[in-house]
Visitor: 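My questions will all concern the structure given below.
In what follows, residues are counted from 1 in the order of the sequence shown. Fair warning: this is a prediction, and the values are worked out from it, not measured in the lab.
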Amino acid sequence: MRRVRPGAASRGGERALTSVRTGDRPADPVERTEPTTQRAEQERPAPADEPRLWHVTLSVSGPATPLPDIRRALEQLAHDHPFLLTSRYANDHAEIRYWEEARDLHDAAAVALRLWGEHRQSAQLPPWEIVGLEVIDRDTYHQRIAEGYGPPPAAPVGVHPF
């Protein structure tokens, strides 16, 4: 007997058998060991329209700029964008880390990609381009920290040189 995913093509026209769950009985002995409430939580989809927290790391780079000008600009950006956690900078690049509340990853990434350009004039940011973007959900961020890899938590909140 051969088992395949439902809807998968079978070889040589033979009919493929699939397992189908019926009633409340688990289809797999492994599932019997899981508590019913835990299984229900795993199967319950998260509400699509409910906003979630996303950890954003935005990297920018460009022509060398005096360090005091960069620091002042990043401090103004932090004032304009109150959720900014930390910024690190050098004369030709910077990294900005913050939490963004958004419906999904696409929305969080879109906001992050607009951040530098939208605040370029108000914060007098250097004419640098975005060269990197990482957007991860809150659980992934905390999992990375717990496992000892990924960026360390932004303990020194604020604007700091690399």
Side-chain angles (χ1 to χ4, degrees), residues 4-8 26-28 30-31 33-162:
V4 298
R5 311 187 308 273
D28 186 348
V30 174
E31 288 189 37
T33 62
E34 289 183 41
T36 307
T37 55
Q38 186 179 27
R39 190 171 58 242
E41 287 176 9
Q42 291 173 351
E43 293 173 2
R44 185 181 326 134
D49 292 337
E50 190 171 309
R52 297 167 37 192
L53 282 177
W54 301 89
H55 186 265
V56 177
T57 304
L58 184 69
S59 300
V60 294
S61 180
T65 304
L67 291 176
D69 292 349
I70 296 169
R71 181 177 183 86
R72 183 207 36 75
L74 290 173
E75 287 173 345
Q76 183 61 47
L77 177 63
H79 182 267
D80 293 348
H81 196 276
F83 299 107
L84 199 68
L85 284 178
T86 186
S87 297
R88 300 186 307 163
Y89 64 93
N91 69 338
D92 63 348
H93 66 282
E95 177 186 273
I96 300 163
R97 295 174 55 201
Y98 65 96
W99 288 99
E100 182 67 58
E101 187 176 62
R103 184 175 44 91
D104 58 21
L105 179 130
H106 296 285
D107 288 350
V111 170
L113 290 170
R114 290 192 313 265
L115 178 72
W116 193 260
E118 288 181 353
H119 291 276
R120 183 170 284 155
Q121 290 215 336
S122 66
Q124 297 178 341
L125 297 167
W128 293 348
E129 67 177 331
I130 296 172
V131 295
L133 173 65
E134 180 186 55
V135 180
I136 56 175
D137 68 349
R138 183 178 183 183
D139 292 339
T140 302
Y141 175 81
H142 289 295
Q143 179 183 0
R144 284 184 180 181
I145 299 304
E147 292 174 356
Y149 66 93
V157 174
V159 178
H160 307 282
F162 270 105

Visitor: For the OG atom of S59 and the CZ atom of R97, what is their distance to the nearest 0.5 Å?
Guide: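 With rounding to 0.5 Å, OG (S59) is 10.5 Å from CZ (R97).
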Visitor: Which residue in the set I70, L74, V60 passes side-chain contact (heavy atoms from CB on, under 4.5 Å) when paired with S87?
Guide: L74
Visitor: A102 and D107: which non-hydrogen atoms are nearest, and at how many Å?
Guide: CB-CB, 3.9 Å
Visitor: Under 3.5 Å, is there a donor-acceptor pair between the side chain of W116 and the main chain of I130?
Guide: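 Checking the backbone N and O of I130 against the side chain of W116, no donor-acceptor pair under 3.5 Å is found.
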Visitor: Where do V111 and Y98 come nearest, in terms of heavy atoms and distance?
Guide: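 Nearest heavy atoms, V111 then Y98: C-OH, 4.5 Å.
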Visitor: Tell me if the NE2 atom of H79 is crowded by more than 12 foreign heavy atoms within 6.0 Å.
Guide: no
Visitor: Checking R88 side chain against H93 main chain: does a donor-acceptor pair fall under 3.5 Å?
Guide: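 No: the side chain of R88 does not pair with the backbone of H93.
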Visitor: Compare all side-chain heavy atoms of E118 with those of L115 and state whether any distance is below 4.5 angstrom.
Guide: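 Result no, sub-4.5 Å side-chain heavy-atom pair not found.
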Visitor: Taking atom CZ of R103 and atom CH2 of W54, what is their separation to the nearest 0.5 Å?
Guide: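 Going from the CZ atom of R103 to the CH2 atom of W54 covers 10.5 Å.
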Visitor: Count the heavy atoms of every other residue, nucleotide or ligand shown that sit under 6.0 Å from CD of E147, and state whether that count exceeds 12.
Guide: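 Above 12, so yes.
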Visitor: Is there a donor-acceptor pair under 3.5 Å between the side chain of T65 and the backbone N or O of P63?
Guide: yes
Visitor: How close do A112 and L133 get, heavy atom to heavy atom, and via which atoms?
Guide: CB-CD1, 3.6 Å
Visitor: Donor-acceptor check, side chain of S61 to backbone of D92, threshold 3.5 angstrom: yes or no?
Guide: yes
Visitor: Should the ring pair H119 and H81 be called parallel, tilted or perpendicular, given that the plane angle runs from 0 to 90° and is split at 30 and 60?
Guide: perpendicular
Visitor: If you define the side chain from C-beta out and look only at heavy atoms, does anything of V135 sit under 4.5 Å from E100?
Guide: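 The answer is no; the side chains never approach within 4.5 Å.
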Visitor: Output yes when a side-chain donor or acceptor of R71 lies under 3.5 Å from a complementary backbone atom of V159, and no otherwise.
Guide: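 At least one qualifying donor-acceptor pair exists.
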Visitor: Evaluate the criterion side-chain contact (heavy atoms from CB on, under 4.5 Å) for residue pair L53 and H55; output intermediate values, then yes/no.
Guide: CA-CA 7 Å; L53 282 177; H55 186 265; over 6 Å; no
Visitor: Does R138 CZ have over 12 foreign heavy atoms under 6.0 Å away?
Guide: no
Visitor: As an exercise, state the distance from CH2 of W99 to CZ of R52, rounded to the nearest 0.5 Å.
Guide: 11.5 Å
Visitor: Could you tell me which non-hydrogen atom of P51 sits nearest to which non-hydrogen atom of E101, and how far apart they are?
Guide: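 Closest approach of P51 to E101: CB-CG, 3.6 Å.
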Visitor: If we ignore angles and hydrogens, is there a donor and acceptor under 3.5 Å between the side chains of Q76 and D80?
Guide: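 Indeed, the side chains of Q76 and D80 share at least one donor-acceptor pair under 3.5 Å.
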Visitor: Can you measure from CG (L58) to CG (L113) and round to the nearest 0.5 angstrom?
Guide: 7.5 Å
